[in-house]
Amino acid sequence: MPLWSAAGVRDASRRPLVLAAAIVTSVIAVLVVALAAVSLWQERVRQRERAAVATQNLARLLEGRVDDLLGRVDMLLRLVAARVQDQPMPLAPGLGREIQTMMNAAPMVQRLYLTDSLGQLRGVWPASAEPATVLPDVGRLDWRRSEEVLQSGPVRRPGDGAWVLVYSLPWHTAAGRMAGMVHVELAVDAFGAVFKGIDLGRAGAATLRTSDTLALVFRRPWPDGTQAGVGRSEVSAQLRQAVHTAPEQGEYVAVTAVDGVARINAYRRVQGHRLYLLVGLPETDFPKGWNRVDASVLGLALAAIVVAFLTILSLLQRSRRAIDLMEGRCEAIVNSSRDAIISTTPEGLVTSWNPAAEALFGYRADEMLGRPLVRIFPVDKLSEELALLERLRQGETIEPFETERLNRAGQRIPVSVALSPVRDGLGRVLGTSRIARDITRQKAIEKEVRDLAFLDPLTRLPNRRMLMERLHRAQENTRSTGDHAAVVFVDLDHFKDLNDRHGHAVGDRLLTEVAARLQAVVRESDTVGRLGGDEFVIICEGLGQAEPDARAAAQAVRDKVQRALGQPFEWGEVRHAHGASVGIRLFCGGHEDLEQLVRDADGDMYEDKARRRGSRCGSDAG
């Protein structure tokens, strides 16, 4: 047999082995590449999940700030609407100053104006301001629902051309008839303070859009440093599809229409308002790695195996570095947040405690980590926490709420809390994440604005508005219980002479001391209020079902008031000892006009004044 032929046989006999080895090697190479592809795919899924969590956390944080800002706008609208109820147009100068004071408590509002039921302008604050030309369509409103706040815009304001949102609320008469609307203008620049201090990276973006047309309201950063695009509704098809499928919140990946950057985005509807909040982080912040794997599998099968393993190792290291970078950024966001951000296990043990939580509650992180969170709960709030955790375990959504917590000194702190579950890829609850914000200052502002609307600024007694509400409630109580009640009208004698002789400062001091004496002689259940000037009203309830007994009880109140106010008031050389005239009007179970009850008591007061003058004249003549 020729040598070439023997060699050919040996070669032929080796071919199946070589082919088998090639097949086995190829299969191994394919398996390695497949395993690498699956690992990379899983890693990308985890990265996208972490990216979604990061963007949702940022969106949730910003939502709380936006809701806080708009909540103060909403409160101002409702206070002004309540204050102008049944007021004639144009408004009295004093009422206009009260409205300006309310605006001063909400500095983010630049302009406020009133329109009547026909849309005609009836008042503007400040007086020199020119209101926006685009107002809500009054035909779309159900005037029986006075709590509905309507959002318009964004629209350019005449004059300075600033972009503003217009928030409007109808106000009604006491009979329920629509009287007009209160409008406030909120410049889109006001949201700059809300977005300030949030680290979005080099190419991240946060945006506010309207929920109906997706019109742009505010963006950080602005493209080219300008407000170009405000009011325009050009968005990606992915965003429109996402909000159509899940209107409240969700995630999507798309190229941003404003600047053309591909981002991983999260959006949330701002609860109670017609706005969407969107946060996007660029895809370049999260490694892809697929191109390097493709390049590594080109070549010989044996080389592919080695390259595949090396590529996997390299990608895992890079992925971990990227994850560490992302986690470091998230940690920086959490640590720089002015809100307390706390994480706990399902059993309520603290797993994270940021610097803002240390500042708010007074406990260091090492004092709280691994400890029960209930140590900052007042005793009366423990059941609240247990109920919230049970609702989270059942998959319910917890809306942000206001409550109280304890600091290290045991003091109760009013806080706003946003609570959300932390889940794994299978949807199992691994713990809870909560954001707590100190609302002490907000509560103080709310109380100050409320006091301006319902309390007399000098004596801190109920003013006419609150007195009429208390009188209406007392009238309803008499119909249900059968007990009599009384309106006691008090008018100081010779108060004008004191003002003319010694000045208004002394007169004001007399009024405050009169208020203190009146409160000291009546029951805690009675209401003492100031109508204005030197006129006070006392509403007494539960005087008994028999009219003679009730009249005697009311007369006893009159006697105590006159004795208390008959005692001299002295401040240095100033002495005032003229007492007061008091009138009484009993009522029970009727439907009398409230103003008429006050007028009847006023008339009885003048009769008492005449009797007292006659008595003094008779005494002088004697």
Side-chain angles (χ1 to χ4, degrees), residues 45-71 151 191 194-195 198 200 204-220 233 235-258 262-283 286 326 330 333-334 337 339 341 343 388 391-401 416-437:
V45 170
R46 286 192 291 270
Q47 291 164 4
R48 285 296 172 87
E49 290 176 351
R50 295 187 182 99
V53 169
T55 52
Q56 278 290 4
N57 283 340
L58 286 173
R60 188 179 295 110
L61 183 64
L62 286 173
E63 180 194 14
R65 296 186 179 184
V66 172
D67 182 69
D68 180 44
L69 174 67
L70 298 182
Q151 173 185 302
F191 294 104
V194 173
F195 286 67
I198 299 298
L200 299 172
T207 307
L208 270 178
R209 291 185 176 273
T210 59
S211 59
D212 48 1
T213 64
L214 297 180
L216 178 62
V217 176
F218 186 83
R219 190 179 191 273
R220 181 175 178 268
S233 302
V235 296
S236 65
Q238 292 87 339
L239 173 57
R240 292 194 181 277
Q241 178 63 34
V243 298
H244 176 75
T245 304
E248 296 302 319
Q249 65 178 18
E251 300 87 26
Y252 67 97
V253 179
V255 175
T256 304
V258 175
R263 293 186 175 93
I264 299 173
N265 303 277
Y267 64 91
R268 294 178 65 86
R269 184 192 293 271
V270 181
Q271 294 298 319
H273 305 284
R274 299 181 178 90
L275 292 172
Y276 274 124
L277 180 63
L278 300 93
V279 175
L281 299 177
E283 282 191 307
F286 306 95
M326 182 177 63
C330 292
I333 293 171
V334 170
S337 172
D339 297 330
I341 302 178
S343 298
L388 290 172
R391 290 174 58 188
L392 282 177
R393 281 191 286 268
Q394 294 177 0
E396 293 188 37
T397 299
I398 307 297
E399 298 295 333
F401 61 94
S416 173
V417 178
L419 189 65
S420 59
V422 177
R423 303 178 184 274
D424 61 11
L426 300 177
R428 295 173 298 191
V429 177
L430 300 179
T432 60
S433 175
R434 63 195 75 206
I435 299 176
R437 179 183 304 121

Heavy atoms of Gly64 and Arg437 approach each other most closely as C-NH2, 3.3 Å
Arg219 versus Ala205, closest heavy-atom pair with distance: NH2-CB, 3.5 Å
Could you walk me through whether Thr432 and Leu419 satisfy the side chain to side chain contact (heavy atoms under 4.5 Å, CB included) test, starting with their C-alpha distance in whole Å, then the side-chain angles of each, then the deciding distance to 0.1 Å, before giving a yes or no? CA-CA 7 Å; Thr432 60; Leu419 189 65; 4.3 Å; yes
Got a second to check how far [X]'s [atom1] is from [Y]'s [atom2], nearest 0.5 Å?
| X | Y | atom1 | atom2 | answer |
| --- | --- | --- | --- | --- |
| Leu214 | Arg240 | CG | CZ | 5.0 Å |
| Leu239 | Leu278 | CG | CG | 5.5 Å |
| Leu70 | Leu275 | CG | CG | 6.0 Å |
| Ser420 | Ile435 | OG | CD1 | 7.0 Å |
| Glu251 | Gln238 | CD | CD | 14.5 Å |
| Phe195 | Leu61 | CZ | CG | 10.5 Å |

For the pair Thr213 and Ser233, evaluate side chain to side chain contact (heavy atoms under 4.5 Å, CB included) and give the outcome as yes or no after the intermediate values. CA-CA 6 Å; Thr213 64; Ser233 302; 3.9 Å; yes
Pairs flagged by salt bridge (Lys or Arg N to Asp or Glu O under 4.0 Å) wherever residues 265-280 is involved - sequence neighbours left out: Glu63-Arg268, Glu148-Arg274, Glu248-Arg269
Angle between ring planes, Tyr276 versus Tyr267, binned at 30° and 60°: parallel, tilted or perpendicular? perpendicular
Ignoring hydrogens and angles, state whether a donor on the side chain of Thr207 or Arg209 is under 3.5 Å from an acceptor on the partner side chain. no
Residue pair Thr210, His273: steps toward the side chain to side chain contact (heavy atoms under 4.5 Å, CB included) verdict: CA-CA 9 Å; Thr210 59; His273 305 284; over 6 Å; no
Under the 3.5 angstrom rule, does the side chain of Ser343 hit a backbone N or O of Ser433 as a donor-acceptor pair? no
Main-chain N/O of Val66 paired to Asp68 side chain as donor or acceptor, under 3.5 Å: no
Which is it for Leu277 and Phe218 under the side chain to side chain contact (heavy atoms under 4.5 Å, CB included) test, yes or no, and what are the steps along the way? CA-CA 10 Å; Leu277 180 63; Phe218 186 83; over 6 Å; no
